[in-house]
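Comments concern the structure below.
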Amino acid sequence: MQTFLDANRKRKVLAVDDEIINLEIISEILANSYEVVFAYNGKEAMDLLSDPEADYSLVLLDLMMPVMDGFEVIRLMRADVRLRKFPIIVMTSDKAAEVRSLRMGAADFITKPYDMPEVVLARCQAIIELSEDRSIIRSTERDPLTGLYSKDYFFVYIRRFLPQLTGDMDALVLDFDRFNIVNELLGREEGNRILKQTAELINTIILQSRGIACRTDGDIFYVYCERREDYESCIKEIQDTLNRESPSHSLRLRAGLYQPATGDRVPEAWFDRAKTACDRLRDRYNHCVGYYSRELYERFIYEEKLIADIDEAIAQHQLLVYYQPKYDIRGDKPVLTSAEALVRWDHTELGFISPGDFIPLFESNGLIRKIDRFVWRESAAQIRRIKDIYHVNLPVSVNVSRINFFDPELEDVLLSVIRDYDLQPRELILEITESAYANDEAHIDEVIADLRSKGFRIGMDDFGTGYSSLNMLTEMPIDILKLDMKFIRNMLVDEKSRKLIELVLDIARFLNVPVVAEGVEEEPQYLMLKEMGLDIIQGYYFSAPLPADEFERLIEKSIDSDTINQGII
Ligand code: C2E
Ligand code: MG
Ligand code: MG
């Protein structure tokens, strides 16, 4: 392991002198051991050094040169954080200049005319070794917990040995889902044990051939390794091994991969990209390795823009609330019975953005709370308008993202919205997706029970996509069940979906709650659902989500044709 790093590569030496003969002599002495690059005056040397990827192990510097002399080069190099690390040996015949340059920070000197070649070579080698040891000592080499390299040292290492690497190498970032929970539930000691074991597994499973790894920021690992094709199975193997040994908690390990192209020489950037690819997997459970791509980068930039713009969007009413009607189909003819508020973003530069494009993003960073609060308030204002103008009570359901349940102000915020528009809590139905119940069930149940005791009604959204067992369902404090669209989509062709709908209807009857089917697009679906005894339907078959003014027109029409129900749900 890590054998590729014993350094037989040729290091680069920059020799600066205006006399070609001197450069030729130096080249003769050093060429076997080093790659020698020439510059003919101080200005040229600074130009070469200013390349951010310039990596010289030594600068051999003449002092007396036209355009820019050696003293000025020393001064400029010492003033630059990056260049300060490159050792300088001055080449001179003038004793006074020697002393002055050493004072300014040169590491050593070689007297002209040149000493014996072996002496010159030995001095260069000694200075290079000394400076490399120093740079290693400067950063703490190892992570005390796992024994892997520390992050700083990891990058020093990659940079130093980059030029000698042949073959394709990859940057891989490994991260756990919610590792803080492990520390909280199982204790820090167990958390540390898992991190240590992860480091061992990275060594034995991923770094079998060439490569190095480090740990950064707690539970994140960087791996730089020879390209392989089986990262998915490596990551799974690490995850499964960890889970076998810590059965009380199930860990999920994700990885992001970036494959540096030739000429792509900034290692920190590779790992930033790999991290982006890794973060994108947070909510995608079917893969454990994410690949960085151009599209991912563009998506990342797009998301950054949405995050930067959201406050202004709310302030300037770029967020629009659409209302999708729900119809009660229990009677002879379908009647309009309520609506779901669905947000859209009419972005000034990017145009119309649908919630599928921004809701998951804002859910992942917590900003969804702002959007949700805005939508609740808009919806309450709309309910009020409908009451005042059309004299009907039409409840509206709003989506409540999971994160709100950890907000101690949730109940107060909802109650103040209700109060401000003089409504009853039962008029604002709160839709919570089934998967929100998946973790911290007890806590969420408690918040829901509180909200229900204040009079709010709770609808379980996207039912059938989450993890709740039927058994759990019978104990859940809910008022309405919303079947996920995928069952409706498949019901005409797939017996299993039909059976599941029947089963849910049975449970709903037992719980005495109505069932809503969403995503009903065609008449045959509608007819079959009606026959099965479904209560409420939402979908394009009746209407797409409508802007507020169109929704109001629909209400007018429904009043005229007597197809409006004033709020069973
Ligand atoms: P959801 O709550 O399950 O909403 C139903 C989605 O199905 C809506 O998509 C709606 O436009 C779409 N839909 C309705 N009928 C049909 C149909 O017949 N066929 C098809 N193919 N689709 C239909 P939309 O508006 O794009 O919203 C997507 C999701 O975004 C919503 O799913 C909800 O989870 C989330 N969302 C929307 N607005 C908000 C909000 O204000 N807050 C939060 N937290 N989430 C929101
Ligand atoms: Mg919904
Ligand atoms: Mg839904």
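This chain uses plain numbering: 1 for the first residue, then up along the sequence. Since the model is a prediction, treat every value here as computed from it, not as a measurement. In listed order, ligands and their atoms are each counted from 1.
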Please list, in number order, the atoms of ligand 1 under 4.0 Å from a heavy atom of [X].
X	answer
Gln324	10 (C), 14 (C), 15 (N)
Val375	41 (O)
Pro545	11 (O)
Glu518	3 (O), 4 (O), 5 (C)
Glu521	17 (C), 18 (O), 19 (N), 20 (C), 21 (N)
Val520	18 (O)
Arg344	11 (O), 24 (P), 25 (O)
Ile368	44 (N)

Return yes if a side-chain donor-acceptor contact under 3.5 Å exists between [X] and [Y], otherwise no.
X	Y	answer
Gln324	Gln538	yes
Ser453	Asp450	no
Gln318	Asp346	no
Glu340	Asn399	yes

Can you list the protein N, O or S atoms less than 2.8 Å from the Mg ion (ligand 2)?
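Near the Mg ion (ligand 2), the protein supplies Glu340 OE2, Asn399 OD1, Glu431 OE1, Asp461 OD2.
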
Quick test: of every protein heavy atom, which one is nearest to [atom], and how far off is it to 0.1 Å?
atom	answer
atom 28 (C) of ligand 1	Pro355 CG, 4.1 Å
atom 46 (C) of ligand 1	Ile359 CD1, 3.6 Å
atom 1 (P) of ligand 1	Asp461 OD2, 3.8 Å
atom 8 (C) of ligand 1	Leu342 CD1, 3.8 Å
atom 16 (C) of ligand 1	Tyr540 CE2, 3.3 Å
atom 42 (N) of ligand 1	Asp372 OD1, 2.6 Å
atom 7 (O) of ligand 1	Met485 CE, 2.7 Å
atom 3 (O) of ligand 1	Asp462 OD1, 3.1 Å

Within the 6.0 Å centroid threshold, strictly below: Tyr224 and Trp270
yes

Would you say the rings of Phe155 and Phe271 are close, in the sense that their centroids are separated by under 6.0 Å?
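Yes; Phe155 has its ring centre under 6.0 Å from that of Phe271.
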
Please walk me through it: do Val413 and Trp376 pass side-chain contact (heavy atoms from CB on, under 4.5 Å)?
CA-CA 9 Å; Val413 171; Trp376 302 339; 4.1 Å; yes

Just heavy atoms, cut-off under 4.0 Å: does [X] contact ligand 1 by side chain, backbone, both, or neither?
X	answer
Lys482	neither
Glu340	side chain
Ser354	neither

Does NZ or CZ of Arg273 come closer than 6.0 Å to the centre of the six-membered ring of Tyr258, within 45° of the ring's axis?
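Yes, cation above the ring, under 6.0 Å and within 45°.
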
Going by heavy atoms in the side chains, are Leu394 and Thr337 under 4.5 Å from each other?
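Answer no - side chains too far apart.
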
Less than 4.5 Å apart, any side-chain heavy atom of Lys333 and any of Thr563?
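Sidechains of Thr563 and Lys333: in contact.
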
I'd like to know whether Asp372 forms a side-chain hydrogen bond (donor to acceptor under 3.5 Å, both in side chains) with Asn404, so could you lay out the CA-CA distance, the side-chain angles of the two residues, the decisive distance to 0.1 Å, and finally the verdict.
CA-CA 9 Å; Asp372 278 354; Asn404 288 292; 3.1 Å; yes

Shortest non-hydrogen contact from Glu518 toward Met485
O-CG, 3.3 Å

Heavy-atom pair with the smallest gap, counting every atom of Gly290 and Leu281:
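So the two residues come closest at N-CD1, 3.3 Å.
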
Is it the case that ligand 1 has an N or O less than 3.5 angstrom from some N or O of Asn399?
yes

Knowing that exactly one of Pro545, Ser379, Pro547 qualifies, which makes a side chain to side chain contact (heavy atoms under 4.5 Å, CB included) with Tyr323?
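The passing option is Ser379.
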
Who passes salt bridge (Lys or Arg N to Asp or Glu O under 4.0 Å) against Asp240, sequence neighbours left out?
none

Measuring from non-hydrogen atoms of Arg489 to any atom of ligand 1, is the shortest distance under 4.0 Å?
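Contact check Arg489 vs ligand 1: negative.
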
